[in-house]
Number of protein chains: 2
Amino acid sequence: MMDIPDGSLFGLANLPYGVFSTPGSAPRVGVRVGDSVVDLAAALGEEVFAQPTLNAFMAQGHDRWVRVRQQITELVSGDVPDGAVHPVAEVRMHLPVEVADYVDFYASEHHATNLGRLFRPDSEPLMPNWKHLPVGYHGRAGTVVVSGTDVVRPSGQRRAPGEDAPTFGPCRRLDVEAELGFVVGTGSELGTAVPIAEFATRVFGAVLVNDWSARDIQAWEYVPLGPFLGKSFATSVSPWVVPLLALEQARVATPAQIPEPLPYLKEPEPWGLDIDLAVSWNGHEVSRPPYREMYWSPAQMLAHLTVNGAASRTGDLYASGTVSGPEKHQRGAFIELTWGGAQPVRIGGQERTFLEDGDEVTITATAPGANGTRIGFGEVTGRVLPAS
Amino acid sequence: MMDIPDGSLFGLANLPYGVFSTPGSAPRVGVRVGDSVVDLAAALGEEVFAQPTLNAFMAQGHDRWVRVRQQITELVSGDVPDGAVHPVAEVRMHLPVEVADYVDFYASEHHATNLGRLFRPDSEPLMPNWKHLPVGYHGRAGTVVVSGTDVVRPSGQRRAPGEDAPTFGPCRRLDVEAELGFVVGTGSELGTAVPIAEFATRVFGAVLVNDWSARDIQAWEYVPLGPFLGKSFATSVSPWVVPLLALEQARVATPAQIPEPLPYLKEPEPWGLDIDLAVSWNGHEVSRPPYREMYWSPAQMLAHLTVNGAASRTGDLYASGTVSGPEKHQRGAFIELTWGGAQPVRIGGQERTFLEDGDEVTITATAPGANGTRIGFGEVTGRVLPAS
């Protein structure tokens, strides 16, 4: 039996997958157990784990995910070969998934309402479509990076209030968005919608996402075709993919959905998730966004994403959009937390509105696991470097 | 010397690359010469051409593209081994590129103005940002398909005029957008902008694009985050990638850009392109969009796309947005051509506004080539199947 510290967020109820390397070795698939990483290629001797991403394993499908989870449970309950276990502090983590398409939703009513008020103060904050469908857009798959990757402050066009013309320069309103991301394990064919009931067999697991956002660039560019360079410079994800199989105890109903969703969005069983996020700014916790407050569920997001017949692929990543609750200390983006910069937050002895060079943001999360335990997501962290 | 019909659009001035297969053989790289395809894997004996996409070859970089083009010119001017030549009518063409990220711009002033009038009749048609930057958004890379792929009519939410709530069903306003697409050959690192002068060494070539559009789905969903399911069901590309090296004679200045673009968007030399597109609906030509009218050049698009430090990758595809000229018969989308359906077009004995099941749309294009010739793009064609 492997040594798992009491109260570990990475006990047998969790068993998240990641891609790691040790000095001089190639990246390969591992599973986190307590403070250790079990090398699945070494422990199970299968080629599918000797890969630099989870994609090949994910593509094997849901039945296989169930069997391997059982195998791992048996393995770590017995004797794991010595060479197959590494302290988590001694490995380097890599981007766990080769991202195919990346989509970002906007599924928190509180976040969408707050952003609507801030970006369009003279209109209704929620658009007429918002309660009928999970609003989303495609982001840049090629700039999804693993936790720990530095984020260079983006430059671009932004127009200051009262000015007619934009100027070019480093972003002045650099922000974060604390989100949950879902990784598609088995895709679907072009011309075929994924029924909402297939969510649990097609989605492999979940990660934490920091959707870094340049608010001044975004505000200038986003009409009429949506966010583009204000988002595409970097999206960070946590290195450990928590299997959907580990989130059974976290399932809850979503908030009441009124008006009733169209049939393709009706859930046969609930896929709201009772996950507690926490956002730290330079080591000080500034927010605790509750995922259970999200209006649209991840099953509804996948059904919507494919209802037009769009194909999905192994490695598709779709994120929830900022997780914000009804209370001020539950807001998952700093533009909301500081109300557009008008209400600075104090961290340690300093005041902050948007991110300064050298700032570091870390998002963590926990959820109820099997047998009364709690399970953890690996953190997603990143530091801001000055514009180049 | 290979036989090339007089006036062929695929003479020595063109030499576009594609991926083809013959019955029982694996897809591999070929070059089109007249009405033939030369199997580059067989003729040049290099592994990089025995691949199902152009990506490996494109990643070798600009110097290599120049050398191989020279090699092919010499090869087809001499004796090509018999087994390496196939009639184009006897091969099957595949998607030439493994698409990394897909971006769609909106670079025709005429198109953006027309769409603004149709989608937002009570506002200024062009947004304040339009003349300052090439507006664009990310699309779905996983649903880029090769010419000839049938397009299933998408279903989704759409709200009829005067109704409060949306209904679900097959798209009623299915449209096309005739565009040019640019394929990135060598990418750029995260945190680094691509200077505008590097366009010609980083972009490998161009294809024709049909950005199929479900206007009713798009109109309902697109605020505030942009087009999503109204576009993501299919984007068709022509099978032959015309090398940028073949487009030297097509280069022209863009229309005057006022106000003057910011420095990062200033072209050291012009990259407007004098390419004539033609759109046929069920075999009847309905439009001749002129690419030379496009406000933003493809060099400006790439510089903008990366100015925030977004990485680019081999296989990135970015499209121009609908090519529309100032005249009615130069409009590259049917919503413009029929003014939102109010002015049907006659094709043969029939009237059309939007696409009906069974309709077929084909886009072709030609451009000036070396030595007074003209060069052709392979066509992009697709037929509409009923909603499933």
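Bear in mind that the values here come from a model prediction, so they are computed numbers and not experimental data. Order of the sequence lines sets the chain letters (A, B, ...), proteins ahead of strands, with each chain counted from 1.
Looking at A/Leu265, only its side chain comes within 4.5 Å of chain B, counting heavy atoms on both sides. Looking at A/Leu115, neither its backbone nor its side chain comes within 4.5 Å of chain B, counting heavy atoms on both sides. Interface remark: A/Thr192 contributes no atoms to any contact with chain B (heavy atom separation under 4.5 Å). Neither the backbone nor the side chain of A/Arg153 comes within less than 4.5 Å of any heavy atom in chain B.
When each of B/Gly191, B/Pro128, B/Ala214, B/Pro259 is checked for heavy-atom pairs under 4.5 Å with chain A, B/Pro128 comes out on top. Highest contact tally toward chain A, considering only B/Asn129, B/Val152, B/Asp104, is held by B/Asn129 [criterion: heavy-atom pairs under 4.5 Å]. Of the listed residues A/Pro263, A/Pro166, A/Ala100, A/Ala112, the one with more heavy-atom pairs under 4.5 angstrom with chain B than any other is A/Pro166. Contact count against chain A (heavy-atom pairs under 4.5 Å) is highest for B/Leu133 among B/Leu133, B/Asp316, B/Leu190, B/Thr149. Between chain A and the residues B/Phe168, B/Trp220, B/Tyr264, B/Trp130, the most heavy-atom pairs under 4.5 angstrom are made by B/Trp220. Ranked by heavy-atom pairs under 4.5 Å with chain A, the list B/Gly156, B/Ala311, B/Ala387 is led by B/Ala311.
The environment of CD in A/Glu163 is crowded: more than 12 heavy-atom neighbours from other residues, nucleotides or ligands sit within 6.0 Å.
The CD atom of A/Gln157 sits 5.0 Å away from atom CG of B/Leu262, with the distance rounded to the nearest 0.5 Å.
Contacts between residues 227-235 of chain A and chain B, defined by a heavy-atom separation under 4.5 Å, are made by A/Pro227, A/Phe228, A/Leu229, A/Ser232, A/Phe233. Heavy-atom neighbours of chain A within the stretch residues 135-146 of chain B, taken at a separation under 4.5 angstrom, comprise B/Val135, B/Gly136, B/Tyr137, B/His138, B/Gly139, B/Arg140, B/Ala141, B/Gly142, B/Thr143, B/Val145.
Residues B/Tyr222 and A/Pro224 have side chains in contact (heavy-atom distance under 4.5 Å, counting atoms from C-beta outward).
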